[in-house]
2 protein chains.
Amino acid sequence: MAAPDRTLRGFAGYTMKRAFNAIQADVNAALAPFGLRMVTFSALVVIADNPGLRQSELAEALMIERPNLVLILDELERAELISRDRAAGDRRAYELRATLKGGRLCDRARRAVTAHDARMTEGMSETDRQALIAALRRIEANGPERQAHGPDRLSAS
Amino acid sequence: MAAPDRTLRGFAGYTMKRAFNAIQADVNAALAPFGLRMVTFSALVVIADNPGLRQSELAEALMIERPNLVLILDELERAELISRDRAAGDRRAYELRATLKGGRLCDRARRAVTAHDARMTEGMSETDRQALIAALRRIEANGPERQAHGPDRLSAS
DNA sequence: TATTGTTATACTCTATAACTATA
DNA sequence: TATAGTTATAGAGTATAACAATA
């Protein structure tokens with residue numbers, strides 16, 4: 001008998017949801033030894049790559065609502081992986097930086113995630129893997145446009 | 001300046017999460033006029049394609065835990081899109097079927113989702129689209145093996 | 001007045017244990 | 001004893017409103 005979900009398999013969304021579930025389970029298992037989850041790893045990498053980044057900039061980069069980012073950063077700060085320092089020019093804001101410990105953990109976790117990524121894309125050529133990422137970015141770009149950061153063009157009701 | 005998340009962009013998982021978020025928002029918008037969500041649509045399609053399917057079989061096909069499926073089916077049943085009939089041979093089980101109304105709505109919703117899928121993959125060739133789905137299935141297959149449905153081979157602790 | 005970070009809160013999704021009725 | 005469906009519940013993840021401090 002054919003697979004019960006054969007119709008759904010023709011849709012990119014359904015197949016992507018199943019693939020992402022597999023990825024998420026695997027990457028969280030890969031990150032657990034470091035005390036990280038997918039979202040805390042993502043935040044740590046972006047902070048390490050962009051010293052002095054503000055929380056609101058990080059929230060925008062990761063498409064996380066500001067309130068939800070607070071607990072994520074609390075977790076990283078409690079583990080002494082990042083620091084929140086008052087910004088010099090604007091005393092409302094914090095500048096985020098990875099600590100020495102955070103930078104080291106980030107490097108090790110990155111290698112673990114690189115190995116995880118290779119495991120999940122096993123059997124695909126590097127060209128296929130790049131094509132996959134390009135297709136995913138295309139889909140993201142085709143999605144409903146995010147609210148612009150500039151002055152708003154639509155007057156809401 | 002480079003994108004703050006440039007490192008993460010090299011990982012399939014991060015880019016897939018963002019692409020899936022875009023897809024989910026768009027498909028739910030496409031399904032809202034039908035009173036459906038992604039998961040209720042998926043359940044309805046599989047039921048329509050497999051008349052007489054049991055709840056546990058549907059749960060396995062969609063990788064939804066049985067308890068979570070109950071409310072989804074309650075919702076479809078309340079909307080008179082599916083029926084739950086006691087199975088003839090096994091009075092514990094229910095046989096799921098789409099009602100006439102459910103079948104019609106399913107057809108219309110499928111067309112809307114097909115249009116949504118085309119919108120999200122706009123700019124990609126049909127070959128690229130098929131390659132994307134193949135890559136996603138490969139990733140799913142590379143994931144942690146699901147528990148087998150046959151006799152278990154591992155004795156749990 | 002607007003913005004940064006925060007608190008409180010609510011809603012969805014998901015996972016597990018335990019129950020019932022059947023087998 | 002095991003299975004199908006159910007109930008209750010708890011944990012994530014995510015979204016919005018409102019606040020204090022600052023601009």
Side-chain angles (χ1 to χ4, degrees), chain A residues 17-18 20-22 24-25 27-29 31-32 36-43 47 52-77 82-96 144 146-147 149-152 156, chain B residues 13 17-18 20-22 24-25 27-28 31-32 36-43 47 52-77 82-96 144 146-147 149-152 156:
Chain A
K17 183 185 175 79
R18 298 183 65 118
F20 181 69
N21 283 347
Q24 191 166 48
V27 77
N28 280 331
L31 287 170
L36 295 173
R37 295 169 292 139
M38 191 172 185
V39 66
T40 50
F41 169 74
S42 297
I47 292 167
L53 201 70
R54 309 294 171 85
Q55 290 190 198
S56 52
E57 294 172 327
L58 177 58
E60 190 191 0
L62 294 179
M63 298 219 305
I64 295 172
E65 296 300 319
R66 266 72 47 104
N68 296 328
L69 187 58
V70 173
L71 293 180
I72 292 165
L73 295 180
D74 284 351
E75 191 177 325
L76 290 173
E77 195 180 27
I82 64 160
S83 63
R84 282 197 261 217
D85 307 311
R86 280 285 177 201
D90 185 340
R91 283 177 41 203
R92 293 171 301 182
Y94 287 111
E95 296 181 345
L96 302 172
R146 334 245 162 277
Q147 52 276 32
H149 4 64
D152 49 312
Chain B
K17 183 185 175 78
R18 297 183 67 118
F20 180 70
N21 283 347
Q24 192 165 47
V27 78
N28 281 331
L31 287 171
L36 296 172
R37 294 168 292 138
M38 191 173 184
V39 66
T40 50
F41 169 75
S42 297
I47 291 167
L53 201 70
R54 309 294 171 87
Q55 290 190 198
S56 52
E57 294 171 326
L58 178 58
E60 190 190 0
L62 294 179
M63 298 221 304
I64 295 173
E65 296 301 319
R66 266 72 48 105
N68 296 330
L69 187 58
V70 173
L71 292 181
I72 292 165
L73 296 179
D74 285 351
E75 192 177 324
L76 291 172
E77 195 180 28
I82 65 161
S83 63
R84 282 197 260 216
D85 307 311
R86 279 286 178 200
D90 186 339
R91 284 177 40 205
R92 292 171 302 180
Y94 287 113
E95 296 181 345
L96 302 172
R146 333 248 160 274
Q147 52 275 31
H149 6 63
D152 49 313

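The analysis underlying the following values was restricted to heavy atoms, covering all of them including side chains, and did not include hydrogens, waters or symmetry mates. Here is how names work: the chains are called A, B, and so on, in the same order as the sequence lines, proteins then strands, and each is numbered from 1.
B/Leu73 and B/Arg84 make their closest contact through CB-NH1, 3.6 Å (heavy atoms, listed as atom of the first residue, atom of the second, distance). Considering all non-hydrogen atoms of both residues, B/Thr40 and B/Glu75 come closest at CG2-OE2, 3.7 Å. The nearest pair of heavy atoms linking A/Arg54 to A/Ala93 is NH1-CB, 3.4 Å.
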| Under a cut-off of 3.5 Å for both distances of each Watson-Crick or G-U pair, what dot-bracket string does DNA chain C give, using [ ] for crossing pairs and | for inter-strand pairs? | |||||||||||||||||||||||
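Along DNA chain D, read 5' to 3', the first and last nucleotides having any atom under 4.0 Å from a heavy atom of chain A are D/dG13 to D/dA23.
Tested against A/Gln55 for a side-chain contact (heavy atoms from CB on, under 4.5 Å), the candidates A/Ile72, A/Ile47, A/Leu96 yield a single pass: A/Leu96.
A donor-acceptor pair under 3.5 Å is absent between the side-chain atoms of A/Arg66 and the main chain of A/Ser56, judged by distance alone. The closest donor-acceptor contact from the side chain of A/Arg86 to the backbone of A/Arg92 lies under 3.5 Å.
Between B/Tyr94 atom OH and B/Arg91 atom CZ the span is 11.0 Å, to the nearest 0.5 Å. In this structure, the separation between CD1 on A/Ile82 and CG on A/Asp74 is 8.5 Å, given to the nearest 0.5 Å. Taken from CD in A/Glu57 to CG in A/Leu69, the straight-line distance is 11.5 Å, to the nearest 0.5 Å.
A/Arg92 contributes a side-chain N or O that forms a donor-acceptor pair with the base of C/dT3 under 3.5 Å.
The residue B/Arg86 sits apart from the nucleic acid: no heavy atom pair falls under 4.0 Å.
The shortest distance between side-chain heavy atoms of B/Ile64 and B/Leu58 does not fall below 4.5 Å.
Comparing B/Ala93 and A/Arg91 by the nucleotide of DNA chain D whose heavy atom lies nearest to each, the residue mapping closer to the 5' end is B/Ala93.
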| remark: Given protein heavy atoms under 4.0 Å, the one-letter contact record of nucleotides 9-20 of chain C, with B base, S sugar-phosphate only and - none, is simply ----SBBBB---
